[in-house]
**Q** 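Right, I'll just put the structure down here and ask away after.
Since the structure is predicted, the reported quantities are computational estimates derived from the model, not experimental observations.
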Amino acid sequence: MSERFLTVGSLLREEELLKYKKEIEHRDDITYPFYDDIEGYKEAEDEAVKNVVDAQIKHNLPQITDGEYSKSLWHLDFVWGLNGVKRYIDESGYFFRDKDNKKEKYETRKDIGIKLTDKLSGKNHPFIDDFKRVKDLAGDKEVKQCIPSPSHIYGELSLFGRLDDGYYAGKIDEFEKDLKTSYKEFLDDYKKAGGKIIQFDDCLWELFAEDNEDSPFSADSTEAEKRELAYKFIDINNEVIDYAHKLELKVYTHNCRGNYDSRSMSDGSYESIADLFLEKQNYDRFYLEWDDERAGSIEALKAFKNKDNEVVLGLLSSKTNSLDDEKRVKELLEKASEIIDKDRLYLSHQCGFASCDGGNELTIDEQWQKIDQGQKIAEEFWG
């Protein structure tokens, strides 16, 4: 067992649970967390979470999650659980880049519609019960809870028209204030429930990367405008991170460029955003994606040189069903340890195996083989 190999959070769902999840995906006449609307769902989820916690313990993972089995999508379930939010089936899903260089965009599930109908609040969030469940099952193992970063939700709802009608129409400053307050309310309850580690997942940093061809900013957007918005994102996150630190919580972040059905969403190197999102955010631990060339050079780690953050290198791929190139991984680990002290580094896959219910294109057995490989590499590198 190596304490230096970690998982990002999500794991592939078993078929018995997916039967219920597929029904949820196509219904908007149900209310989150859906247990009262779908007979048998809560019992199936409880059983599946017990199984996946047992599997993580069996595979000697040092930190345990519920595999994100309590979620349908990596970020929106948290939003659904806030007071003042209505979920609906939208006209289209998100659009990802398809595999094999296909020009057509790949469309995701469509139950991504969000309308804000009332003042936001994070009190009495269903995730607290989800956390208590996994904490009870994990015994003396460390447990972490994964939620979207506040700036990701601020960005997704404000940049893409989600505030154009509803409670916060024309009131973006009030939305920002209430969103941050909602996160703080959630963290208060999380701490009271025994939480010690919170992980903020984030997929929007690469919006600001100059080498991201998929950036949504128009040609009319100036560099000053983009940088001002980047600082807005950073300030939102840091305010909530600092609040969590006052509660004596450890705060991690995970960043990737999209992970859906083994597809990705964007490019954008870490080097081009290192002076912003790596240097200026106050996270205790960064989970970063380096499974392919899109992330650019490992030299971006120099942004952490004079800091004390821990860095988890996502050098392995959760998107493929084959084992990873161990020579490549070890070479990159060596290069990284020349920049940052080896004791501040960890190894992981670039993202979870199932950011959304359907998961990536591999089997549960293949997933565990890849996790076992990661542990083996970490054991050989760190001892």
Side-chain angles (χ1 to χ4, degrees), residues 2 5-19 21-22 25 48 51-56 58-61 64-69 71-74 93-102 104-109 146 201 203 254-267 287-295 312-333 346-381:
S2 174
F5 174 80
L6 302 169
T7 56
V8 171
S10 67
L11 297 163
L12 294 169
R13 281 65 154 161
E14 55 189 53
E15 277 304 318
E16 186 60 32
L17 179 60
L18 281 175
K19 288 192 299 186
K21 296 290 195 176
K22 288 169 184 171
E25 180 182 343
N51 291 342
V52 82
V53 169
D54 287 346
Q56 291 171 85
K58 178 184 173 185
H59 284 263
N60 295 312
L61 293 177
I64 303 297
T65 70
D66 66 357
E68 303 195 20
Y69 282 19
K71 302 178 187 176
S72 294
L73 301 111
W74 68 272
Y94 300 110
F95 289 96
F96 275 58
R97 301 190 301 191
D98 211 342
K99 296 166 69 177
D100 304 322
N101 297 316
K102 294 176 184 173
E104 300 83 8
K105 287 287 188 179
Y106 182 88
E107 186 177 358
T108 72
R109 58 195 291 165
C146 303
D201 297 329
C203 287
H254 165 250
N255 172 258
C256 78
R257 292 157 183 75
N259 182 42
Y260 188 96
D261 204 9
S262 290
R263 273 90 175 162
S264 62
M265 183 171 273
S266 70
D267 292 319
Y287 284 71
L288 301 177
E289 175 183 56
W290 252 296
D291 62 316
D292 62 26
E293 69 284 349
R294 288 176 305 142
V312 186
L313 299 168
L315 304 176
L316 305 164
S317 176
S318 68
K319 287 183 163 79
T320 61
N321 66 354
S322 55
L323 295 179
D324 290 88
D325 180 348
E326 295 188 12
K327 182 172 179 289
R328 170 189 174 273
V329 172
K330 287 176 180 175
E331 286 175 354
L332 286 171
L333 284 172
Y346 295 81
L347 176 66
S348 75
H349 292 88
Q350 96 293 346
C351 194
F353 288 89
S355 299
C356 301
D357 280 332
N360 287 336
E361 294 180 341
L362 70 166
T363 66
I364 289 177
D365 283 345
E366 289 167 341
Q367 165 191 268
W368 288 113
Q369 288 167 18
K370 289 173 76 73
I371 287 171
D372 290 343
Q373 182 194 33
Q375 290 174 311
K376 170 179 165 287
I377 294 170
E379 183 73 35
E380 290 170 356
F381 184 74

**Q** Give a yes-or-no answer on whether the side chains of His59 and Asp372 include a donor-acceptor pair shorter than 3.5 Å.
**A** yes
**Q** Do any N or O atoms from the side chain of Lys71 and from the backbone of Ser355 form a donor-acceptor pair under 3.5 angstrom?
**A** no
**Q** Could you tell me whether Asp261 and Arg109 make a salt bridge, using a distance below 4.0 angstrom between a side-chain N and a carboxylate O?
**A** no
**Q** Rounded to the nearest 0.5 Å, what separation is found between the NZ atom of Lys105 and the CZ atom of Arg97?
**A** 6.5 Å
**Q** Using salt bridge (Lys or Arg N to Asp or Glu O under 4.0 Å), reason through Asp98 and Arg263 one step at a time and then give a plain yes or no.
**A** CA-CA 6 Å; Asp98 211 342; Arg263 273 90 175 162; 2.9 Å; yes
**Q** Report the distance from atom CG of Leu313 to atom CG of Leu332, rounding to the nearest 0.5 Å.
**A** 8.5 Å
**Q** Could you walk me through whether Glu380 and Lys376 pass the salt bridge (Lys or Arg N to Asp or Glu O under 4.0 Å) test, one step at a time?
**A** CA-CA 6 Å; Glu380 290 170 356; Lys376 170 179 165 287; 3.4 Å; yes
**Q** Any idea which heavy atoms bring Asp267 and Arg294 closest together, and the distance?
**A** OD1-CG, 3.2 Å
**Q** With Lys327, which residues qualify under salt bridge (charged side-chain N to carboxylate O under 4.0 Å, His left out), at least two apart?
**A** Glu331
**Q** How close do His254 and Gln350 get, counting heavy atoms only, and between which atoms?
**A** NE2-O, 2.9 Å
**Q** Check the pair Met265 / Cys203 against side chain to side chain contact (heavy atoms under 4.5 Å, CB included), numbers first and verdict last.
**A** CA-CA 9 Å; Met265 183 171 273; Cys203 287; over 6 Å; no
**Q** Give, for atom CZ of Arg328 and atom CG of Leu315, the distance between the pair rounded to the nearest 0.5 Å.
**A** 6.0 Å
**Q** What's the shortest heavy-atom distance between Leu6 and Ser348, and which atoms?
**A** O-CB, 3.1 Å
**Q** How long is the gap from OG1 on Thr363 to CZ on Phe353, to the nearest 0.5 Å?
**A** 10.5 Å
**Q** Quick check on side chain to side chain contact (heavy atoms under 4.5 Å, CB included): which of Asp324, Leu362, Asn360 does Ser317 satisfy it with?
**A** Asp324
**Q** Using the rule given for side chain to side chain contact (heavy atoms under 4.5 Å, CB included), can you reason through Leu61 versus Ile371, listing the C-alpha separation, both sets of side-chain angles and the distance that settles it, and then say yes or no?
**A** CA-CA 9 Å; Leu61 293 177; Ile371 287 171; 4.0 Å; yes
**Q** Testing Glu14, Glu16, Gln56 for side chain to side chain contact (heavy atoms under 4.5 Å, CB included) with Asn51, which one passes?
**A** Glu14
**Q** Looking at CG of Asn321 and NZ of Lys370, how far apart are the two atoms once the value is rounded to the nearest 0.5 Å?
**A** 7.5 Å
**Q** How about Lys330 and Ile377: do any of their side-chain heavy atoms sit closer than 4.5 Å?
**A** yes
**Q** First locate atom OH of Tyr287, then atom CG of Asp201, and finally report the distance between them rounded to the nearest 0.5 Å.
**A** 10.0 Å
